[in-house]
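Taking it in order: structure first as structure tokens, then the write-up.
Just so it is clear, the model here is predicted, and its values are computed rather than measured. Keep in mind that the numbers below use all heavy atoms, side chains included, and drop hydrogens, waters and symmetry copies. A note on names: the letters A, B, ... follow the listed sequences, proteins ahead of strands, and every chain is numbered from 1.
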Amino acid sequence: MHPSTVPAPAQDEYLLSLENVSKFFGNVVALNGVTLRLRRGEVHCLLGDNGAGKSTLIKTLAGVHQPSKGEYSVDGKPVHFRSPKEALDLGIATVYQDLALVPLMSVARNFFLGREPMRRLFGLLPVMDIPTAASVAKQKLADMGIVVRDPSQPIGNMSGGEKQCLAIARAIHFGARVLILDEPTAALGVKQSANVLKLIRTARDRGISIVFITHNANHAYPVGDSFTLLNRGRSLGTFTKETITKGELLDLMAGGEEMQQLVAELEGVAA
Amino acid sequence: MNPTQAEGGPARFRATPSSVPEASLPAVQTQVADNATIATRDERLRQGSFLGSFLHRPEFAAVSGAILVFVLFGITAGNSGMFQPDGIINWMQVASYLGIIAVGACLLMIAGEFDLSLGSMIGFAGMMVALPAVYYHWPLWAAILFAFAGSMILGGLNGYLVLSTKLPSFIVTLASLFILRGLTLALSVRFANRTVISGVGELVEKDWLARTFFQGVVGGGLFHRMAQHGWITALSNGDPLVAGVPKVVIWWFALAAVGSLVLARSRFGNWIFAAGGDANAARNVGVPVRGVKISLFVFTAFCACAFAVLQVCDIGSASADRGLQKEFEAIIAAVIGGCLLTGGYGSVIGACCGALIFGVVQIGITYTNVSSDWFRVFLGGMLLVAVLFNNFVRQRLSQAR
């Protein structure tokens, strides 16, 4: 069922791989025999409409869910994550749609949430090193092209795109080898989406592998190296950029001529 | 409320003193920069000051409220003895008892939960001290340790129930409010056939733990000398009218210091904010939200027990109706202190100022010509103003662009 457009290479060419993974929630089949292989240093787009199983798949990758069937391997070795922390320890970082940011907390505190830099007060009491947190957060965001005036400002004041970039910068700073981005452009305007897409390229150029989840093929195609399509819990296959055009991608995603027609109509309006 | 906040929206970015150099650009340039590119937005940083940054802190309202209350009573009751040592001890004692539980309630509230059983816990913990000590002749220290252990287990149980049922803590602890109050009454009648158990007073004198940590005053020698020098009012036999600083005050200060240090500077404190601000987000980055919340339920129960033990040792008796409505007073203190009811924001210092306001007004009103019946009216009004102010603060902080 898996049209292997990619020839099967040596095991550890893949950083992550899910082989025939299924996930059941009671009687609900959320994932049904899905295979996903992430090469080193690629941007792998995971496309699918709402309810296709994208969220379940990334939560499986992130260690939130365990596969009911099938195998999950990292660096060619099978893994059984019991918590997201274990995935994180292997350098698999997930940037969720809701970003895992706390709006009332400051930029610096959010950046280091869960991994606070510590120092000893009077050489004795372990306390958070807030000045270091602030300067590192500011620096790392500046590297991503986000200028934060005051790292002690609450994050609720930032724009959606800035928050997205903060979450990505945070993941990279903490040694992510794999970034799983859950619909990072879903809630953003055109310009902010473009910024995030640029950031994805920047991250890839630094050697970070990326799983980019989206339902927007127009966002996926320019940055993606390979594409896996999900539909109702099943994989429609993985395609490299050379083997598929944007049009074909859109067709596959919509899963019907009706959508193609709609797209044609819309393009007609735009032209 | 104040000029900086009255400007509303544009005040999004506040400056710390360290960033003032960037901010002190000429106004003309600032206007030009508004139209400039994203990369050079630093010019849009508003000029801030030390005062300015204080205005944005959660304890701002409570600290200024406390100052206001002091000024108010300084004018209306300044020469009535309210600010004499004995008067100060009077309202400090009220503030300290409330302050002890306010520290616990405040931390729990910042973590996004309530404990309405706090008041009942005070009554129950008092009985856990008095019943075994008076009727079963346990050594008092053992009874006190038993009470602490028992309360903390009950607090943990509260937390466990809230976290595993995922029900609002409001409902779960409302149930334990009634269960514990009922148990206190039923068990004291069952074991002692009465609801007030006296006779702890004599035991306290002979018990090292109670004497050292819970009963009496600190700094007795110092106060004695001050009385001999005539610096403070002395009785006819030369003893000072005020024997020292009551231990409850020390407890309050110690808990407040530990609480605010933990909240502001420790990793655990960061987790408290995160657990209350957005539990899901916190979980996603690996914060043990469940553990944080349960341990704060335990800590709140510890505070309630400390309140109870101090009270029992001071008064010499336990009673089934002790701590009635204290849960509300603690929450009021925390809210006046700037805690958001939704969690994720607040300060221990603020909650302590809330407790101080409470103590000063409750006792201070008796020094004025105003009938003390008005105390609750004032308190309710104060709470309403605080909630409105906090709500305004939250909207300002979490507004998205």
### Message
Tell me whether the rings of B:Phe170 and B:Phe114 are parallel (<30°), tilted (30 to 60°) or perpendicular (>60°).
### Response
perpendicular
#### Entry: Heavy-atom pair count under 4.5 Å with chain A, highest-scoring of B:Val287, B:Asn284, B:Asn280
B:Asn284
### Query
Between B:Leu340, B:Leu261, B:Asp278, which has the largest tally of heavy atom pairs under 4.5 Å with chain A?
B:Asp278
## Note on the structure
Checked B:Ser266, B:Ala274, B:Gly286 vs chain A; the most non-hydrogen pairs under 4.5 Å come from B:Ala274
### Message
Check whether A:Lys54 reaches the backbone of A:Leu47 with its side chain - one donor and one acceptor, N or O, closer than 3.5 Å.
### Response
no
### Message
Under a 4.5 Å cutoff for heavy-atom pairs, which residue among A:Leu125, A:Asp129, A:Val102 has the most contacts with chain B?
### Response
A:Val102
### Task
Identify the residue among B:Ile294, B:Leu296, B:Val289 that makes a side chain to side chain contact (heavy atoms under 4.5 Å, CB included) with B:Val292.
B:Leu296
## Note on the structure
Applying a strict 4.5 Å limit to non-hydrogen atoms, the region of A:Leu113 in contact with chain B is both
### Message
Is it the case that the side chains of A:Gln66 and A:His80 hold a donor-acceptor pair, with the cut-off being a distance below 3.5 Å and no angle test?
### Response
no
### Task
Would you indicate whether the side-chain heavy atoms of A:His44 and A:Ser209 approach each other to under 4.5 Å?
no
